[in-house]
Each structure stands twice: as C-alpha cells, then as structure tokens.
Number of protein chains: 2
Amino acid sequence: MTESPNHSVYFVPGLQRGLRVLEILGAAAGPMSLSEIGRAMELSRSSAFRLIYTLRHMDFIKEAEQKNTYTLGARVLNLGFAYLNQQPVTSISRPYLAALRDKIEVSTHLSVLEGEEVLYLGSHQARSGFVSNMATGTRTQAYASAIGWCLLSDLSDEELSLFCEDLDMVAFTDHTPTTFEALKVRVQAVREAGYVFSQGFRDPGGSSVAVPVRDNSGNVVACVNISGPDSGFDFDRVDTFYVPETKAAALKISRELGYAGPA
Amino acid sequence: MTESPNHSVYFVPGLQRGLRVLEILGAAAGPMSLSEIGRAMELSRSSAFRLIYTLRHMDFIKEAEQKNTYTLGARVLNLGFAYLNQQPVTSISRPYLAALRDKIEVSTHLSVLEGEEVLYLGSHQARSGFVSNMATGTRTQAYASAIGWCLLSDLSDEELSLFCEDLDMVAFTDHTPTTFEALKVRVQAVREAGYVFSQGFRDPGGSSVAVPVRDNSGNVVACVNISGPDSGFDFDRVDTFYVPETKAAALKISRELGYAGPA
DNA sequence: CAAAAGCGTTTTACATGCAAAACAAACTTG
DNA sequence: CAAGTTTGTTTTGCATGTAAAACGCTTTTG
C-alpha cells in the first residue's frame, strides 16, 4: 500500500507498523493469522508476533473463532466515531438532512473533501426505493462525481490545477472529466449555479443534486446532496422542488456554521 | 484510563502509546497541543513529539486550524468502518431493520455485546417523532437496559454470575437491577418469553421491544430492538403488532446467519 | 522590559526494542 | 509414517528507539 519514508530519526516504527496491521486487518476479507499478517507486511514473524501481542492486549484486535487468527476489535470503532462526532458539521447537519429526506423522499448525504477524495460523513436513506450504497465512511474520487465538483468549487483555478497534477483521471462514464480543462468547466458551472444536477454522471441510472455548504469564513467545507435511482426521481420537479429544497437545507447548515454571506 | 501492564517483554511501547494518543484525542473536546497530550499521558515532551510526528505523517492525526494543535485525522474512520463492515450481522440485518422500521414506523436498532457493554452497530431512525440518540458506535452498560438482558440471555447462571462479579451496578431508574439476583430474574424472563418489552427501564419516557438474534450454533450474537418515545408508541398493539413483527425480523436475520433452531 | 516560564524541537548517551536464529508443535505430503 | 514444511513462540546480540538535557523561541508576568 503506502510505502513508508522510514528514514526519519523521529519515526516510531512500532507505531507505524502496528497501525498498518490494523489497516491490513481492516482491508482483509476475513480473519488473518500471524504469518499471513507478517507476509502481507513483509515482516518477520517475530516482529509480527510482538505487534499482534500488543494489539491483542489492548483489545484493538481480537482472536477470531478459529484459533490463532485475528480480526479487528471493537475498540477501533471508538476512534472512528470519535472522529465523526468531532466534525461539527456532522452533528449540526443531521436534523436538516433528516428533514430534507422526509420532505423530498429521497436519500440525503453529507460529505467533505479529504485529499483527493470525497468522504461521506452521514446518510439518511429514503424509506422506499433501493438503498444507495453510499454509506458513512465511504470514499470516492472527487474529480469523478458531481459531489466532488461541489467540494472543489471553492478552489481557484490555480489550486484546481495543482489538485489535478498528480491525478490520473479515468473515465467512469461518458460524463467523467479526464483533463484539467474538462474538470474546470464542471467546477465553474457549480460556482455559477450554486448546485449541480447530475444524471448518471458517476453511476448509470442514478441521479443527484449536490449543493455546497460554507462556514463562517465563507469557505466550502462540506456538500449536501440528494440521490436516488432515476426511477424514483421526479425529473419535472428538479428545478422547482429538489434544487430549492436542497439549497435551503444547505443554507441552513451553513448559517449554523456561521456563514453570513449571500444565499 | 486503562493502566498498562507494561511488564511484558513482548509489548511494543511505541505502538501502545501511539494508540493511546489517538484515544486521548478522540476523547478530547477539541484540538490538543503536543504538551497537553504529553501531560495527559504523563509522558516527556520529546516522546510525545515522536509519537505525534509519526501519527501526523501517517495522516492518523492532523494539525488543526490553530498551529501546533492536533485532532484525529480522517484515516481513523477507515478502521472503524472496516470493523463495522466485517461484522456479518451488520450488513445482513440492514435491509430487515429498514423494512421493520418502515412497517412499524418506529426506530430500529442492532446491537451486540462487547465485554460489559452493549455496542450499537446500526440504526434506522423513524421518520417522525424525536430522534433517538442511540447512534451507531454508542455503548451502554449491558446490565442496565432491556437490550442488555437480551444479549445476556444466552449466558448460563454461572456465566452471568461471573459477568456480575466485578461490576458495580448503579440504578439508572427504578427498574435497573442492582444485584446479580435481580439481573438473573430479568434475564430469565427473556429466556422464557424470547423478547423484552420495556417502558422507561433505561430512559424515562422511552419504550422498547428487544429480541435476540442467533447464529448457526444457536448462540445469541446480537439483538434487534425497536424504540421510541412513549408518545409514539401504540401500547395496545405491543403484543399483537410490535412484538411479533420484531420477532419476525430477528428470526429472518437469524436464519440468514444459519440459525436452524425453533423460532 | 527583563526575568521567568512555557512551548516545539534537536541532540546524544544509554537502555531496549528488534530480527535472525533456534525451538517445539502442528500440519502436509510423498 | 517419516521426512519436510509451516505454524506460533522464545531466545539473544546487535542495532536503534528513547528520554533527559540542552536549545532557541514565544508568551507570561512582576
């Protein structure tokens, strides 16, 4: 995975490798044995033993039903949810996203930009229709989705150019921008309209409306979006209902974050 | 917090302390500085520096707006959700919990026993009424809630006695059992009825129906429960509607887990 | 405004975490 | 069923991570 720049005197190798053990166990399909973990990390079994010993005694990993195999322990959950709950936008937006879901009867989501990726912080699933797989904690490439364009709409052209630099943009659908210029056009459209409506931009058969959320300094810090299968979308009411309602919810959240600028 | 039995030759102190840094940052109200972290862990600043240096370069923590203060980084989310998604019962139960929520129009939850605690793995909120605060990842004391009694209903009296041993049971409400014998009565009731209906057992003004979920070996591995404010509960239909529907959902999940026993 | 206290960082002698080798037990396998 | 592999675990000498002390720097404070 990520190759480690070990060559710093300040690095704590034990910590680095222990966390990699957790990530490997997290990415694994099932329980792993000591040897498997050691092999996956190109580490001697004796070292793997010490890491596992430590993690096990701290309850960060636990032995699976099958002896001598390990899975992630429940203690890692605390870390993840601590992070979620520390993001102010998560808790602030929750009631608004739920209300929006109830009003327009389509799934609603909150996301932020994390590096090159869109990170989903929370979802409120529609009651009916098929359930979107955009669960909390999921990540997608920012350049490839309408939500990503929303979150990037705050960047200047220079920053956007920088963002694209070490990015190999592959086309998921015909709508995916694969060059900086193409992406710039999408982002510019968001800047002007204040929202994106997309139909099949990322997933064929799925439609979405995305609106940026701003904080007290006016920066885009998150994105509210609604999404559902084309079958559940009333396309005649996009402009008159979905967009204004989503914009209104995003603005309410922005206001709670201290945003004082224009709607 | 948890005092560490350092005195093992196999312990990797760097890993242990690095994880404690993450937990301390997770429990903290806001960003912390290097010195604050060092003080919280009774660690020299130089050691704290090395841990923070490592965690920062791995994106497990990140610098906050204020210079030289740190918060949890988004990378910890991966660990938490990897754990959630690895629990088979989480994904299996999701559609059933959603369907149950839609049918009975009350919030539904899934939980498991983790040590002494009930750990909530997933929730599906009711559309109307007040939103329960039982968010995913939350923990509560098992002895003190109807859900806990459900999850404990698989334990023999001896195991239950062991469970109570180093547990100081304090009364949250008049219904909270504060002795082993009192708890045994509650658990026995679940064993016989196969469900618990509770009204104000843990939270005054809140009602709940909880039903155990079993796996292929017949063991209780999780608990399905519905809950809502008394105002949203139709008490006349508890026996004729809520209980049978919740039991049916729990049984469907149990069947998917390979449970072959009687309903 | 100077002294003092606090901060993040760097250095360095020393203690100690680490990986290779050795070990015993549990599997394969010809 | 015995030779050979692979497993989890223990040992041990050497390399290396570590904490105290030292270092600038900023922020209090009298």
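Below, chain A is the first sequence line, B the second, and so on; all start at residue 1. Please read all numbers here as calculations on a predicted model, not as lab measurements. Hydrogens, waters and symmetry mates play no part in the numbers below; they use all other heavy atoms, side chains included.
- Put simply, B/Arg17 has a side-chain N or O that comes within less than 4.0 Å of OP1 or OP2 on D/dA19.
- B/Leu15 has its CG atom 15 Å from the P atom of D/dG17, to the nearest Å.
- Look at CG on B/Leu34: it is 5 Å from P on C/dG8, rounded to the nearest Å.
- Judged purely by atom type and a 3.5 angstrom limit, B/Gln188 has no side-chain atom pairing as donor or acceptor with the backbone of B/Ser153.
- D/dG8 atom P lies 10 Å from atom CD of A/Gln66, rounded to whole Å.
- As rounded to whole Å, 14 Å separates atom C1' of D/dG8 from atom CD1 of A/Ile61.
- Contact between the side-chain N/O atoms of B/Tyr10 and the OP1/OP2 oxygens of D/dT9 is not found at any separation under 4.0 Å.
- Considering only side-chain atoms of A/Asn68, the nucleotide from C/dG17, C/dG8, D/dG8 that sits closest is D/dG8.
- Within the 3.5 Å criterion, the main-chain N or O of A/Leu84 finds no donor-acceptor partner in the side chain of A/Gln87.
- Nearest-nucleotide assignment on DNA chain D puts the 5′-proximal partner with A/Glu36, out of A/Glu36 and B/Leu43.
- Contact check, A/Ser46 against C/dA21: no side-chain N or O comes under 4.0 Å of OP1 or OP2.
- To the nearest angstrom, P of C/dG8 lies 17 Å from CZ of B/Arg50.
- Taking atom CZ on B/Arg39 and atom C1' on C/dG6, their separation rounds to 9 Å, with Å as the unit.
- Contact detail for B/Phe60 and B/Leu22: the closest heavy-atom pair is O-CD2, 3.9 Å.
- In this structure, the CZ atom of A/Phe49 is 14 Å from the C1' atom of C/dC18, given to the nearest Å.
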(request) Give the C-alpha distance, both sets of side-chain angles, the deciding distance and a yes or no for side-chain contact (heavy atoms from CB on, under 4.5 Å) between B/Leu34 and B/Asn68. (result) CA-CA 7 Å; B/Leu34 188 153; B/Asn68 285 328; over 6 Å; no

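- Spacing between atom CD1 of B/Ile37 and atom P of C/dT9 amounts to 12 Å, rounded to whole angstrom units.
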